[in-house]
Chemist: 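The structure is given below, and queries will be raised subsequently.
These values consider heavy atoms only, across backbone and side chains, with no hydrogens, waters or symmetry-generated copies.
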Amino acid sequence: MNYMVKFLYRTFVYGIALLTALPFHEYAHAWTANKLGDPTARWQGRLTLNPMRHLDPFGALLMLFTGIGWAKPVPINPRNFKRPKEGMAISSLAGPVSNLLLALGSMVFYKLFIILGIYLDSGFLGTLVASLCNIFSTMVGVNVGLAVFNLIPLPPLDGSRVLNLFLPERIYFQLMQYERMIMIFVMFAVFSGVLDRPLAIARNVVWEGLDFLTGFIDLIFRLVG
């Protein structure tokens, strides 16, 4: 019974993080593309933070239980951009950037609730604050993981569109012909553990960066406390 309660609690916390991270990611793609001249996502109702418009059921379940998953890709038509390669790169980069910004905001609240918890007893308010710490810590982790994974420069991940800026079109389109096979390879590498160490190192670097950027909270606490 105790195990089941812990499992349900973890699923609830991770679900909250999932229902913010994925919609923000896809909304950022849609918003940026629309600003750059491509209204395709807006016409298809994807310019929204409503999770139901973005979640892929299987991808969401995988992310919920394994930490790796996906949402429904936002449709982008590069022919609507004045400069297609740059437009695609910027629109693609917007997704991971939005997750990093969400992770930064979550880190701020995480630290604030940690400080608040120091001054509370272990009663109801203490338990509530501890739960909020857990939620925001999980949101940081999920958003950092999503950003890092999507910045891998292989199709169909967002990083491949950024890589396109630096590759001759002939080579890039040859890569895109094998997009499905490359994605299968990437997923195999993830689930087999091949990418565990590189991704963990990248996540730790980003986490340390966020900790540094929010270091002013620690400094204020030390000065006041």
Side-chain angles (χ1 to χ4, degrees), residues 14-60 62-64 67-110 135-166 176 179 183 186 199 202-203 205-207 209-210 213-214:
Y14 210 89
I16 292 176
L18 177 68
L19 290 174
T20 53
L22 289 179
F24 262 84
H25 183 100
E26 298 304 328
Y27 174 83
H29 286 317
W31 184 87
T32 305
N34 187 60
K35 286 293 182 181
L36 292 175
D38 176 31
T40 306
R42 176 166 58 83
W43 288 345
Q44 296 191 17
R46 300 295 299 280
L47 191 57
T48 176
L49 287 172
N50 179 1
M52 296 302 105
R53 300 294 298 174
H54 300 296
L55 294 185
D56 175 272
F58 184 65
L62 269 181
M63 190 165 183
L64 186 62
I68 298 295
W70 56 84
K72 290 188 292 187
V74 163
I76 297 177
N77 186 351
R79 288 177 293 183
N80 289 325
F81 298 134
K82 291 181 180 178
R83 303 175 68 179
K85 287 180 70 171
E86 288 82 356
M88 282 296 296
I90 295 171
S91 298
S92 298
L93 193 60
V97 169
S98 74
N99 290 125
L100 293 177
L101 292 175
L102 194 55
L104 179 62
S106 299
M107 179 73 82
V108 169
F109 282 104
Y110 169 58
I135 288 172
F136 282 108
S137 173
T138 302
M139 288 178 66
V140 176
V142 168
N143 278 281
V144 168
L146 193 61
V148 167
F149 180 69
N150 275 279
L151 285 173
I152 296 175
L154 292 173
L157 300 173
D158 296 327
S160 68
R161 270 65 178 181
V162 179
L163 179 66
N164 184 31
L165 286 174
F166 309 100
M176 292 302 292
E179 179 176 333
M183 190 57 191
V186 170
L199 289 176
R203 288 195 298 266
V205 169
V206 175
W207 185 287
L210 295 173
L213 291 174
T214 56

Chemist: Once you round to the nearest 0.5 Å, how far does CG of L199 lie from CZ of F149?
Modeler: 7.5 Å

Chemist: Using 0.5 Å steps for rounding, measure from the CG atom of L104 to the CG atom of N99.
Modeler: 12.5 Å

Chemist: Any idea how F109 and F136 line up, ring-wise: parallel (<30°), tilted (30 to 60°), or perpendicular (>60°)?
Modeler: parallel

Chemist: Can you tell if the side chain of E26 reaches within under 4.5 Å of the side chain of K72, non-hydrogen atoms only?
Modeler: no

Chemist: Under 4.5 Å between any side-chain heavy atoms of D158 and H29, yes or no?
Modeler: yes

Chemist: Within a strict 4.5 Å, meaning less than it, do heavy atoms of the M107 and L213 side chains meet?
Modeler: no

Chemist: Is R161 close to P156 at the side-chain level, that is, under 4.5 Å between some pair of heavy atoms?
Modeler: yes

Chemist: For the pair R53 (side chain) and G45 (backbone), establish whether a donor and an acceptor sit closer than 3.5 Å, ignoring hydrogens and angles.
Modeler: yes

Chemist: Report yes if some heavy atom in the side chain of S160 is under 4.5 Å from a heavy atom in the side chain of L154; otherwise report no.
Modeler: no

Chemist: Find out whether H54 and L22 are in side-chain contact, i.e. whether some heavy atom of one side chain is under 4.5 Å from a heavy atom of the other.
Modeler: no

Chemist: Does the side chain of F81 reach to within under 4.5 Å of the side chain of E86, using non-hydrogen atoms?
Modeler: no

Chemist: Answer whether the closest heavy-atom distance between the side chains of S91 and L36 falls below 4.5 Å.
Modeler: yes

Chemist: Roughly how far, to the nearest 0.5 Å, is CG of L157 from CE of M183?
Modeler: 5.0 Å

Chemist: To the closest 0.5 Å, what do you measure between NZ (K35) and CG (L47)?
Modeler: 9.0 Å

Chemist: Atom CZ of residue position F24 - does it have more than 12 heavy atoms of other residues, nucleotides or ligands inside 6.0 Å?
Modeler: no

Chemist: To the nearest 0.5 Å, how far apart are CG in L93 and CG in L100?
Modeler: 9.0 Å

Chemist: Counting neighbours of CZ on R42 that are heavy atoms of other residues, nucleotides or ligands and sit closer than 6.0 Å, is the number greater than 12?
Modeler: yes

